[in-house]
Amino acid sequence: MPEGNEIHRWAERHTKAFVGKKLHVEAPGGRFADADAIDGKTLKKIHAVGKHLGYEFGPDAILHVHLGRYGDWTEGVGELPPVKGALRVRLSRKPTGRAAADEATTRHGWYSEDDGSTSLEPADVDWIELRGPSDCSLYDREQWKKLLARLGPDALNGDDPEPAFAKIARSKTPIAALLMDQSVLSGIGNIYRAELLYRARLSPFLAGKDVPRKTVEAMWNDSIPLLKAGMVDRRIVTTLPKHRPHSEGKPLKPEVHYVYRRHGKPCWVCGTKVQRQEMAGRSLYWCPTCQAE
DNA sequence: GCAAAATGTCAAG
DNA sequence: TTGACCTTTTGCA
């Protein structure tokens, strides 16, 4: 369930490990018919836009990956592991034989308690495996162009935010729905939208056109360091240190969100119960006091 | 052991 | 607006 930070993080890691190299591409479960078309080819470049990844083997051979809600990459060193689970595709290079495969050869995208590594540095990766994506298919240049055309600016790509500001300023749609709309802004998902709204102390229900331009700009500017930090940390931390109490009974686990998935619990700042409500099929979380209409 | 939930998107009606 | 789709993990029996 990755948002833009996770996507860009994978792009960075996979670039270090694989770009410029001839890759073995296979789909042992037969779940990706076009694997043969790029097997043995050199990976030219990896694109990351919003929540989309593109592994470019040629102008008309771009492996498009969208992780959707459940998709995840697994990576490892050394020999390929036995095929397990619903494996969609895997990419590998010749193992360099460097780090012998020990028990810690595989890593997942999701934050785990015991994972202290926050560095992107040594990309000691010989293979990656993809499970559960909503899309894994080969795009030609037209398909890739069309994809880009429908995506709004991505803060992690240094895009000009003006088109997004303009759309918001014209829209009657609630700001919380606009932030999730990938044609307005790309890369923001359910956690970032809830937390950006909280940090701006903005009501999720306010129509886009009624949000002051300064507030929209502030949220865009706020999103950049949060997304970048999310790439390094492998999780999304939005609470300021002074608002980051340690949860009871688990002294070492700081609370990292203001409102996301905290419904029914007291707001860290004012003590009001955090609310939850469906909006466009997704759970929206907010503090009715700090984010009053 | 099973149901429900989880950081998402697209297409059909 | 809804349903379909993809898979793993968590929580409750």
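So that the names make sense, note that chain A is the first sequence line, chain B the second, and so on, each numbered from 1.
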The complete set of side chain to side chain donor-acceptor pair (under 3.5 Å) pairs with one or both residues in residues 47-58 of chain A, sequence neighbours excluded, reads His14(A)-Tyr55(A), His47(A)-Glu56(A), His52(A)-His64(A)
In whole angstroms, the gap separating C1' of dC10(B) from CG of Leu147(A) amounts to 13 Å
To the nearest angstrom, the CG-P distance between Asp72(A) and dG8(B) comes to 14 Å
Taking only side-chain N and O atoms of Lys51(A), does any of them lie within less than 4.0 angstrom of OP1 or OP2 on dT9(B)? yes
Rounded to whole Å, the CD-C1' distance (Glu278(A) to dG8(B)) equals 14 Å
Here the distance between atom P of dT7(B) and atom CZ of Arg9(A), to the nearest Å, is 19 Å
Taken to the nearest whole Å, CG/Leu227(A) to C1'/dT7(B) is 12 Å
Residue set satisfying ring pair (Phe, Tyr, Trp, His ring centres under 6.0 Å) with His24(A), at least two apart, ordered chain then number -> none
To the nearest angstrom, the CE-C1' distance between Met180(A) and dT9(B) comes to 10 Å
**Study point:** Under 3.5 Å donor-acceptor, Tyr258(A) side chain and Leu240(A) backbone
**Key:** yes
The remaining residues in the hydrophobic cluster of Tyr139(A), counting side-chain heavy-atom contacts under 4.5 Å among Ile, Leu, Val, Met, Phe, Trp and Tyr, are Val49(A), Ile62(A), Trp144(A), Leu147(A), Leu148(A), Leu151(A)
Under a side-chain separation threshold of 4.5 Å, the hydrophobic residues clustered together with Val256(A) are Val237(A)
Grouping ILVMFWY residues whenever side-chain heavy atoms fall under 4.5 Å, the cluster of Leu284(A) otherwise contains Phe205(A), Met279(A), Trp286(A)
Contacts satisfying salt bridge (charged side-chain N to carboxylate O under 4.0 Å, His left out) that involve residues 23-50 of chain A (not counting sequence neighbours) are Glu26(A)-Arg90(A)
* To do: Look at Gln182(A) and dG8(B) and indicate whether a side-chain polar atom (N or O) is within less than 4.0 Å of OP1 or OP2.
  => no
What residues 138-146 of chain A contributes to the DNA chain B interface at heavy-atom separation below 4.0 Å is none
When rounded to whole Å, the NE2 to C1' distance for the pair His8(A) and dT7(B) reads 14 Å
Reckon Arg282(A) has a side-chain N or O less than 4.0 Å from the OP1 or OP2 of dT9(B)? no
note: Asn5(A), atom CG; dG8(B), atom P; distance rounded to Å ~ 10 Å
- Query: On a whole-Å scale, what distance lies between the C1' atoms belonging to dT7(B) and dT1(C)?
  - Reply: 23 Å
| field | C1' gap between dG1(B) and dC6(C), integer Å | value | 22 Å
Identify each atom pair where a protein N or O and an N or O of nucleotides 2-6 of chain C are less than 3.5 Å apart, giving names and distance.
| unit_1 | atom_1 | unit_2 | atom_2 | d |
| --- | --- | --- | --- | --- |
| dC6(C) | N4 | Tyr70(A) | OH | 2.9 |

Residues 218-227 of chain A vs side chain to side chain donor-acceptor pair (under 3.5 Å), sequence neighbours excluded, gives Arg199(A)-Asp222(A)
*asked:* What's the gap between dT8(C) and dC10(B) when it is taken at their C1' atoms, as a whole Å value?
replied: 22 Å
Annotated structure of DNA chain B as dot-bracket, pair cut-off 3.5 Å, Watson-Crick or G-U only, | for inter-strand, is ||||||.|||||.
> Can a cation-pi geometry be assigned to Arg262(A) and Trp268(A), taking NZ or CZ under 6.0 Å from the six-membered ring centre and within 45° of the ring axis?
Replying inline: yes
(request) Spell out, as yes or no, whether a donor-acceptor pair under 3.5 Å connects the side chain of Arg131(A) to the backbone of Thr74(A). (result) no
Students often get this wrong, so: under 4.0 angstrom with heavy atoms, is Arg261(A) touching a base, only sugar-phosphate, or nothing? sugar-phosphate
Residue set satisfying side chain to side chain donor-acceptor pair (under 3.5 Å) with Asp60(A), at least two apart, ordered chain then number -> Arg141(A)
Answer with base, sugar-phosphate or nothing: what part of the nucleic acid does Tyr285(A) contact at a heavy-atom distance below 4.0 Å? sugar-phosphate
Residues pairing under salt bridge (charged side-chain N to carboxylate O under 4.0 Å, His left out) where one sits in residues 201-211 of chain A, two or more places apart or in two chains, turn out to be none
Against the side chain of Ile191(A), the closest entry in dT7(B), dA6(B), dT9(B) is dT7(B)
